[in-house]
J.: 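Here's a structure for you.
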Amino acid sequence: MKRTRIKTILLSEKALDTVLIKGWVRTRRDSKAFSFIELNDGSCLNNIQVIADDLLKNYEQIKKLSTGSSVCVKGTMHESPGKGQKWEIHAIKIKIIQITPDDFPLQKKRHTDEFLRTISHLRPRTNKYGAAFRIRSKLSFAIHKYFHDLGFTYVHTPIITGSDCEGAGELFQVTTLDINNPPLSDEKSDYQKDFFGKQANLTVSGQLEGELFALALGDIYTFGPTFRSENSNTSRHAAEFWMVEPEMAFCNLDEDMDSAENFIKFLVEFAIKNCDQDLELFAKFVDKNLMNTLETIVSKKFIRLPYTEAVSILKQSGKKFNYDVFFGADLQTEHERFLAEKHFKQPVIIYDYPKTIKPFYMRVNDDEKTVAAMDVIVPRIGEIIGGSQREERLEFLTHRMAETGISKDDYWWYLDSRRYGSVEHSGFGLGFERLIMMVTGITNIRDVIPFPRTPGSIEF
RNA sequence: UCCCCAGUAGCUCAGUCGGCAGAGCAGGUGGCUGUUAACCACCGUGUCCGUGGUUCGAGUCCGCGCUGGGGAGCCA
């Protein structure tokens, strides 16, 4: 007999025939002549209540079922006379797969996120983390659905790269050389003897390769892991995280901002429609204001704010900031939070940044002072998307590379794309974990990724 | 990397002025009960993060270190 998922049972309109369910015991309560077992199999947030009668031949063993134990139950489905659930299972036979000893760290009470992080291998068995990771999965699917329905092509850009990609962050080196005894050339490691014949790193962004494919297939996106070895110790940074990077040919900054806004709105709406139960948990226990925030994101048009106007709003706010605001200064977290959380109280897209604070590939505007860059700032999370129209003019691009000290020789292939049929194009990057944080209200990035990698921490 | 805070039972935390180490939950035993964070009674639980110092005496005060958290920088 095939097992039925608990989700299927809980959602069914009428009682199914005899069912077989398998799962883990969340809690057990004994009554006079029977025992209530709350069983969860991860298919949904809710447990199913199993009634185990003392006539079952292994009832003495059943009474020893502790939180975390695994069982297989054959039983019949009945409307529950008790409060709190529609259906329950009257067990005909309970096969105990394994009884969990009492040192099982998860108890039927609330644990702190910090403690659960030390047992990342077990935390998906809790309500909150089960819900978070089901939402993560749903939103991954939503990303593919969004782009697929719009006719985008999914591109797998390389994980291992040979170029210090745009200096977007500190790099993890990939090597097969013996670090204790590397082959030397002029007293330095001889990378010609390394696996690829030159120094290699984990990718910090698939953008440059993504551009090459956009300039062939039109609209493309990447969705994969990204690695940065920055010594960042914050609730918003991880050394390994997932990023979505669409890239669109024949697309200018305005259209880029439109697609970023539509994209976020679609994802949030998708979560509201498809993660109702799991989302409810977060609205109830994690962030009481969550549904309001999400509704605002879906319904209100994002504010579009040129950088220079952002600067004057901040100057005129009369608020004292730790960092000075002036044209040419990068906006600090406190500035972004003020704009999104206090001033506008909704998502804001800031665009046309000074070129001095942005990378070489962003398109220089006619004023020659700013570039066609845009950041989407959302309340509580801060920057969730960073994007730009790309510099498609070869002379401007090579000029900017020289200015910012990027080697033309290393990027000959990137420059080729501006030499042969160059067209205007744009794209952006969305931090997937930050999206999950925004949608769930979870405040630490370590709690939205199954096994977080941060400085000094790579257990599991 | 910088600033701030914390580390005490399996978990969450209290511990006053430096003077015998505490509670709730979890666990065990018994009872009661179509229960649902079940309930009631009883029982056990310690490298007080490590290290050096001050002191008659340190969980408590001081130095150094480790780990965790919050904030900042860097960014997604």
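Throughout, a chain's letter reflects where its sequence line sits, starting with A, and its residues are numbered from 1.
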J.: Considering every strand shown, what is the Watson-Crick or G-U wobble mate of B/U51 when both distances are under 3.5 Å?
T.: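 The base-pairing partner of B/U51, which may sit in any strand shown, is B/G63.
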
J.: Between the base of B/U35 and the side chain of A/Q85, is there any donor-acceptor pair under 3.5 Å?
T.: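 Present.
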
J.: Is A/T234 touching bases, backbone alone, or none of the nucleic acid, heavy atoms closer than 4.0 Å?
T.: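 Answer is base: heavy atoms of A/T234 come under 4.0 Å of a base.
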
J.: Heavy atoms under 4.0 Å, any strand shown: does A/Q107 hit a base, just sugar-phosphate, or nothing?
T.: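 Contact class for A/Q107: base.
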
J.: Looking at A/R26 and A/D41, is any side-chain nitrogen of the basic one under 4.0 Å from a carboxylate oxygen of the acidic one?
T.: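 No, A/D41 and A/R26 are not salt-bridged.
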
J.: Do NZ/NE/NH1/NH2 and the carboxylate oxygens of A/E424 and A/R390 come within less than 4.0 Å?
T.: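 Not counted as a salt bridge, because no side-chain N and carboxylate O are separated by less than 4.0 Å.
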
J.: Any donor-acceptor pair under 3.5 Å between the side chain of A/Q332 and the base of B/G73?
T.: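 Absent.
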
J.: Looking for any heavy atom pair under 4.0 Å, which part of the strands does A/N231 touch: base, sugar-phosphate only, or nothing?
T.: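 Base, at least one base heavy atom under 4.0 Å.
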
J.: Looking at A/D447 and A/K128, is any side-chain nitrogen of the basic one under 4.0 Å from a carboxylate oxygen of the acidic one?
T.: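 Not counted as a salt bridge, because no side-chain N and carboxylate O are separated by less than 4.0 Å.
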
J.: For RNA chain B, which residues of residues 54-74 of chain A approach it to below 4.0 angstrom with any heavy atom?
T.: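 Those residues whose heavy atoms fall under 4.0 Å from RNA chain B, taken from residues 54-74 of chain A, amount to none.
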
J.: I want to confirm an ordering. Mapping A/P105 and A/N233 to their closest nucleotides on RNA chain B, which one lands closer to the 5' end?
T.: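 It is A/N233 whose nearest nucleotide is closer to the 5' end.
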
J.: Which nucleotide, if any, forms a Watson-Crick or G-U wobble pair with B/C2, using both distances under 3.5 Å?
T.: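 Result: B/G71.
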
J.: Contact class for A/K32 (heavy atom, under 4.0 Å): base, sugar-phosphate, or nothing?
T.: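 Counting heavy atoms under 4.0 Å across all strands, the contact made by A/K32 includes a base.
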
J.: In whole Å, what is the span from the CD atom of A/E336 to the C1' atom of B/C74?
T.: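 The answer, rounded to whole Å, is 12 Å.
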
J.: Mind checking if A/L435 touches a base, just sugar-phosphate, or nothing, with heavy atoms under 4.0 Å?
T.: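 If one applies the 4.0 Å heavy-atom cut-off, A/L435 turns out to touch nothing in the nucleic acid.
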
J.: Any base atoms under 4.0 Å from A/N322, or only sugar-phosphate, or nothing? Heavy atoms, all strands.
T.: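 Since no nucleic acid heavy atom lies under 4.0 Å of A/N322, the category is nothing.
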
J.: May I ask you to say what A/E88 touches in the nucleic acid, namely base, sugar-phosphate or nothing, with a heavy-atom cut-off under 4.0 Å?
T.: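 Result for A/E88 = base.
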
J.: For B/A14 and B/C49, measure between their P atoms and round to the nearest Å.
T.: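 One P to the other, the span is 13 Å.
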
J.: Across all strands shown, which nucleotide pairs with B/U12 by Watson-Crick or G-U wobble geometry, both distances under 3.5 Å?
T.: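 WC or wobble partner is B/A23.
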
J.: Do the side chain of A/H237 and the base of B/C75 come within less than 3.5 angstrom through a donor-acceptor pair of N or O atoms?
T.: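 Side chain to base: pair found, below 3.5 Å.
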
J.: By the 4.0 Å heavy-atom rule, please label A/E334 as base, sugar-phosphate, or nothing.
T.: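 No contact at all - A/E334 keeps every heavy atom at 4.0 Å or more from the nucleic acid.
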
J.: Please determine if A/R136 and A/D278 form a salt bridge, counting it only when a charged side-chain N lies under 4.0 Å from a carboxylate O.
T.: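 No, no charged N to carboxylate O under 4.0 Å.
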
J.: Contact class for A/F104 (heavy atom, under 4.0 Å): base, sugar-phosphate, or nothing?
T.: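 If one applies the 4.0 Å heavy-atom cut-off, A/F104 turns out to touch nothing in the nucleic acid.
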
J.: In this structure, how many angstroms lie between the P atom of B/C75 and the CD atom of A/E245, rounded?
T.: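 Distance check: A/E245 CD to B/C75 P gives 15 Å.
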
J.: Can you check the distance between B/G31 and B/G70, where both ends of the measurement are the P atom (answer in whole Å)?
T.: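 Looking at atom P only, B/G31 and B/G70 are 47 Å apart.
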
J.: Please give the nucleotide sitting opposite B/G34 as a Watson-Crick or G-U wobble pair, both distances under 3.5 Å, or none.
T.: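 Base-paired to nothing in any strand shown.
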
J.: Please state the C1' separation for the pair B/A26 and B/A37 - nearest whole angstrom.
T.: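 Result for the C1' pair: 12 Å, nearest Å.
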
J.: With sequence neighbours left out, write down each residue that passes ring-ring contact (aromatic ring centres under 6.0 Å, His included) with A/F147, or none if nothing qualifies.
T.: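 A/F147 satisfies ring-ring contact (aromatic ring centres under 6.0 Å, His included) with A/F152, A/Y221, A/F263 only.
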
J.: Check the phosphate of B/U36 against A/R29, side-chain N and O only, distance under 4.0 Å to OP1 or OP2. Yes or no?
T.: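 The answer is no; no side-chain N or O of A/R29 sits under 4.0 Å from OP1 or OP2.
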
J.: Which is true for A/R117 with a 4.0 Å heavy-atom rule: it touches a base, it touches only sugar-phosphate, or it touches nothing?
T.: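 Counting heavy atoms under 4.0 Å across all strands, the contact made by A/R117 is with sugar-phosphate only.
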
J.: Mind checking A/Y323 for me? I need base, sugar-phosphate or nothing, with any heavy atom below 4.0 Å counting as a touch.
T.: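 Counting heavy atoms under 4.0 Å across all strands, the contact made by A/Y323 is with sugar-phosphate only.
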
J.: Once hydrogens and angles are ignored, does a donor-acceptor distance under 3.5 Å link the base of B/C75 to the side chain of A/S232?
T.: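 Result: no qualifying N/O pair found.
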
J.: Is there a donor and acceptor pair closer than 3.5 Å between the side chain of A/N47 and the base of B/U36?
T.: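 Result: no qualifying N/O pair found.
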
J.: For B/U47 and B/U16, measure between their C1' atoms and round to the nearest Å.
T.: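 26 Å, rounded to whole Å.
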
